[in-house]
Every structure is written in structure tokens, then in C-alpha cells.
> 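Okay, here's the structure, questions in a sec.
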Protein chains: 2
Amino acid sequence: MVTLSEENYLKAIYHLGNQGDNTVSTNAIAEQIDAKASSVTDMIKKLAEKELANYIKYQGVSLTETGRLTARSVIRKHRLWETFLVNKLNFSWHEVHDIAEQLEHIKSEKLIDKLDDFLENPTHDPHGDPIPDKHGNYTKIKSKSILDISTGSQGVLISVKDSSKAFLKYLNKNELALGDMIRVVDFEPFDESFTIETKSKTMTISKNVAENLYLSV
Amino acid sequence: MVTLSEENYLKAIYHLGNQGDNTVSTNAIAEQIDAKASSVTDMIKKLAEKELANYIKYQGVSLTETGRLTARSVIRKHRLWETFLVNKLNFSWHEVHDIAEQLEHIKSEKLIDKLDDFLENPTHDPHGDPIPDKHGNYTKIKSKSILDISTGSQGVLISVKDSSKAFLKYLNKNELALGDMIRVVDFEPFDESFTIETKSKTMTISKNVAENLYLSV
DNA sequence: ATAAATTTTTAGTCTTCCCTAAAAATATTT
DNA sequence: AAATATTTTTAGGGAAGACTAAAAATTTAT
Ligand SMILES: [Mn+2]
Ligand SMILES: [Mn+2]
Ligand SMILES: [Mn+2]
Ligand SMILES: [Mn+2]
């Protein structure tokens, strides 16, 4: 039995270390979870005790195979609920994260499998992030940040790296959405800005925006 | 801010006292919540402190207007989620209560309003219980237990008083469902059993079953 | 009207998850 | 290689919500 709080820690370690593979620092988790480092140390010990995490004092923490699978199952739930909220209840993509943070902790295997079917087994959530299947497997679409794409080439907007409300609302305001075909037409070295072209318009975006937009390659 | 545990106590008091109007005993709540009486006393004090309950030592507890509305909002969520699970995810009516017990605590006014619309503003849940609207108002369909209906008369099965898994599975096995037209054709005084007739069959039911089936009048 | 039984409350703990402050270990400068 | 700065852990608590055991109040039986 994994508690709500434990699930949140597992998710944090998973996201901070590359799928929980890399070692993650106490402070990094504290920042992510919005707790103090001492609280994190307590919880890490508990996770290690339960064999969900590998932990050596002062040396950071990573996930065991069980921990990794548990984290993925929480992420699966989070992303399926986000998809439900957007596709079925007509929420906008910037509104769903906080609600999914609550829904991801509902315990019922059958519920989540039925939800998956109801949504027709989506492979990606409203922010373009992959949804693990019930065994924890998923495939990430190959994509590159606009920062790493050569001027003149184009691709479909596949996902956003930053899923914060502020960034998503910026994209809404500028009518940029997942699925849009985007061509990178110019790069301005002075302020590292890019000019991009979509079906409907041409616009300039800052480096900060460019690095958060991922196009199919 | 009302905690998950507080919500459960408010619901218990609401259900045990007539909409929280009547005074409810500590032991009754303890049984409903599956906790010890001493734990109940602690919580009742907290609810009174927050002006959600009226409480006089040794004299039982009832709900304030705020407490009543809060309870109704939790019940609204519970019944909407049950409706979602049955109507959209194809759960059977005996499987949904435990999951709804979790979902009823998700906090988002917007979520529940959108869910309500998505379900096309249902007035009753899968067990025939009325769903309060966002202001806490609802209308109960006039109905009577088979126990109180005269032999020879008939009505539509509107709701079940006992929503336990065991009873609902009994009804599934015997192919009795909400919406069925039922005629009471005989009463046997010896064992207080009833013979009822539906579109598809005639069967005998015990007093225990009869008192839990409510027909429209 | 007492005595006995039952219900309810109080007193004292426990667990979970969080905190602050201080100590210990590790990393970075000089 | 020290000295300094930073990170991490330990020690000691707090709030919420549950528990047991004992005391107090109320109800029921005699
Ligand atoms: Mn999210
Ligand atoms: Mn997402
Ligand atoms: Mn229910
Ligand atoms: Mn119900």
C-alpha cells in the first residue's frame, strides 16, 4: 500500500532523475514537492524501507524497479485524467493539471482501465506527453525543440516542455496548439529570437518560448 | 476549508439524522464511519468549532445550515460520479459505491459542474437516489416500499433502499433493475413473502427484499 | 429511588507527514 | 590543505485523526 504522499515523492524522483534512473538530490525533491529538505529525508527513508527507492545517505536517491513502475502508474492516471478533462469535459489544457493532481491518487485498477477504453486508449495527453499503458510501457514521438531545429525546416507541434499555466495561456493567446504545422523561417542572433510561420500567420517568439516547443522530426 | 475526514462525518450525520435535522448519537456515527466513539467525539467538537454542527455534550449532534449544504455538496458529487461510472464507463451499479467514496472528495467546483453537464444533468443516481443540484436542491420521486403496497397494484421500480453490494448482486442475479414495471400479485402471511410479476417472469421475494424495493405510486 | 447497564467524554498515545534549529557531511574556494 | 559554503541529516516538535482505558453522565431496570 502506497500513500498519497509517497506517490507524490515517487513521481518527483521519477521526473527529476531520468525515469528515476539517475540519482536525485534531497534539495531538488524538496523544491519540486514544495517541502523542506528534512521532510524529504524522512520520506526517502520510508521509500527505501519499502524498497521503492535506493538510498545511500548523502548520496541521493533513485527508484527501484517497483518504485519506477509505481511512479509510472501514477503518471498514467494523471495523464489519462487530463485527457478526460480536455476531451470529454471541454476543459482547456491549462486548467487540467491541478485537478489531475488530485485524481491521480484515486485507487481502482478497474476504473483506470475503463477510463482508458472510454478515451479510446490515447497515447498522449493534452500537453503531448506520452501515456504509459497498464504495464508501464509507452513510446515517445521523436521530436526536437525549435532551438535545435535548423532554419527553413518545419514540423508538427508535438508537445510542450513547460506545461505551466502561464506558458499554456501564452500559447492560447497566440493561437498555437498541438498539431499545428510550424516552419522556422528565421533566427535573430541579437536576442536569440525565432520567426515562425503557421498556416494562419507569421510571428516572432523568444528563445524562452522556442525551447519549450517540440516539433516532430 | 473542509477536510476529507470532516466531509465523511458531515455525510454520516446527514444520512443518520433526517437531512442532518434530527439529533444523532455518537455511537450511531461511530458505527456508520467505522470508528470508535471517542474518535467521533473529537471530530464532532471540531465540526461544532467550525460551525458546521450543533453539539451539546451528551445530547447528540445535528447539522447547521452550512453543514447541511456541505454534506449535500459531497452527496451531489458522490451520486454524479456514480452516474458517470455506470452510464459512461459501463460499471455495474454494485461496483460504483467504493470508487465514488474516493471521487466525492475531489475539490473543483468547475469539474463537478462540467461533469453534471456531460451527464446531461441527471436527477437520480444508478440506485435511484436523488442528485442535489449545485444549490443543494433536489426532488425525490414519490415512491413506496413493496411492503406498503396493496396486493394487486403495480408501479415502476424507482429506487433501492439498501445499496449494498450483496443486495444489488441479488437483484442482478434475479434480473430486477430500476425502471422495471412490477406488479404485486400475492402476499403470504406465513413467512411474510411477496409474489411479484414483471414483464418477463413471476417470482417470490422475502420480506427483507420487499422492504428495500421502492415503486412509483 | 437506587442500582446496574449503557453511552459518552476525557486523558493519554500513536502514526503520518510536515516543520525549525542544530549538527554532520560533502563540495567549493582560496 | 585549509577554510568556507552548501547540502543533508538528526533531534525535537506540532497538527490531524485515529486508538485504548478509565471516568463521568445518562438511561434502563429493579
Ligand atoms: Mn499535468
Ligand atoms: Mn500533462
Ligand atoms: Mn453510493
Ligand atoms: Mn448511489
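A quick note: this is a predicted structure, and the numbers were derived from the prediction, not measured.
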> Establish, for the pair A:Lys45 and A:Tyr55, whether the NZ or CZ atom is under 6.0 angstrom from the six-membered ring centre and no further than 45 degrees off its axis.
no
> Which is true for B:Ala37 with a 4.0 Å heavy-atom rule: it touches a base, it touches only sugar-phosphate, or it touches nothing?
base
> Which residue lies toward the 5' end of DNA chain C, A:Gln59 or A:Asp34, if each is placed at its nearest nucleotide?
A:Asp34
> Kindly give the heavy-atom pair with the smallest separation between A:Pro122 and A:Leu80, and that separation in Å.
CG-CD2, 3.8 Å
> Measure across A:Leu147 and A:Lys207 and return the closest heavy-atom pair with its distance rounded to 0.1 Å.
CD1-CG, 3.7 Å
> Tell me whether the rings of B:Trp81 and A:Trp81 are parallel (<30°), tilted (30 to 60°) or perpendicular (>60°).
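Rings of B:Trp81 and A:Trp81: perpendicular, as their planes differ by over 60°.
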> Atom CD1 of A:Ile44 and atom P of C:dC18: how far apart are they, to the nearest Å?
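Interatomic distance, CD1 of A:Ile44 to P of C:dC18: 12 Å.
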> What pair of heavy atoms forms the shortest contact from B:Ile75 to B:His15, and how long is it?
CD1-NE2, 3.6 Å
> Quickly work out the B:Ile56 CD1 to D:dA25 C1' distance and round it to whole Å.
15 Å
> Can you pull out the residues from residues 15-32 of chain A that lie within a 4.0 Å heavy-atom distance of DNA chain D?
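Those residues are A:Ser25, A:Thr26, A:Asn27.
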> Would you tell me if any nitrogen or oxygen in the side chain of A:Lys57 comes within less than 4.0 Å of OP1 or OP2 on C:dT26?
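Checking C:dT26 against A:Lys57, no side-chain N or O comes under 4.0 Å of OP1 or OP2.
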> Write down the distance between CG (A:Asp42) and P (D:dG13), rounded to a whole number of angstrom.
15 Å
> Could you tell me how the ring of A:Trp93 sits relative to the ring of A:His127: parallel (under 30°), tilted (30 to 60°) or perpendicular (over 60°)?
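Ring orientation, 0 to 90° scale: parallel.
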> Relative to A:Tyr214, does A:Lys144 satisfy both conditions: NZ or CZ under 6.0 angstrom from the six-membered ring centre, and within 45 degrees of the ring's axis?
no
> Charged N to carboxylate O below 4.0 Å: is that the case for B:Asp98 and B:Lys165?
yes
> Quick one: which of D:dT10, D:dT9, C:dC19 gets closest to the side chain of A:Ala35?
C:dC19
> Students often get this wrong, so: under 4.0 angstrom with heavy atoms, is A:Ser5 touching a base, only sugar-phosphate, or nothing?
sugar-phosphate
> Give each protein N/O atom lying under 3.5 Å from an N/O atom of nucleotides 20-23 of chain C, with the pair distance.
from, atom 1, to, atom 2, distance (Å)
C:dT20, O4, A:Ser38, OG, 2.9

> Tell me whether the OP1 or OP2 atom of D:dA18 has a side-chain N or O from B:Tyr9 closer than 4.0 Å.
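So the side chain of B:Tyr9 is within the cut-off, an N or O lying under 4.0 Å from OP1 or OP2 of D:dA18.
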> Any carboxylate oxygen within less than 4.0 angstrom of a Lys/Arg side-chain nitrogen, looking at B:Asp116 and B:Lys134?
no
> Side chain of A:Thr41, heavy atoms from C-beta onward: which of D:dA18, D:dT9, C:dC19 has the nearest atom to it?
D:dT9
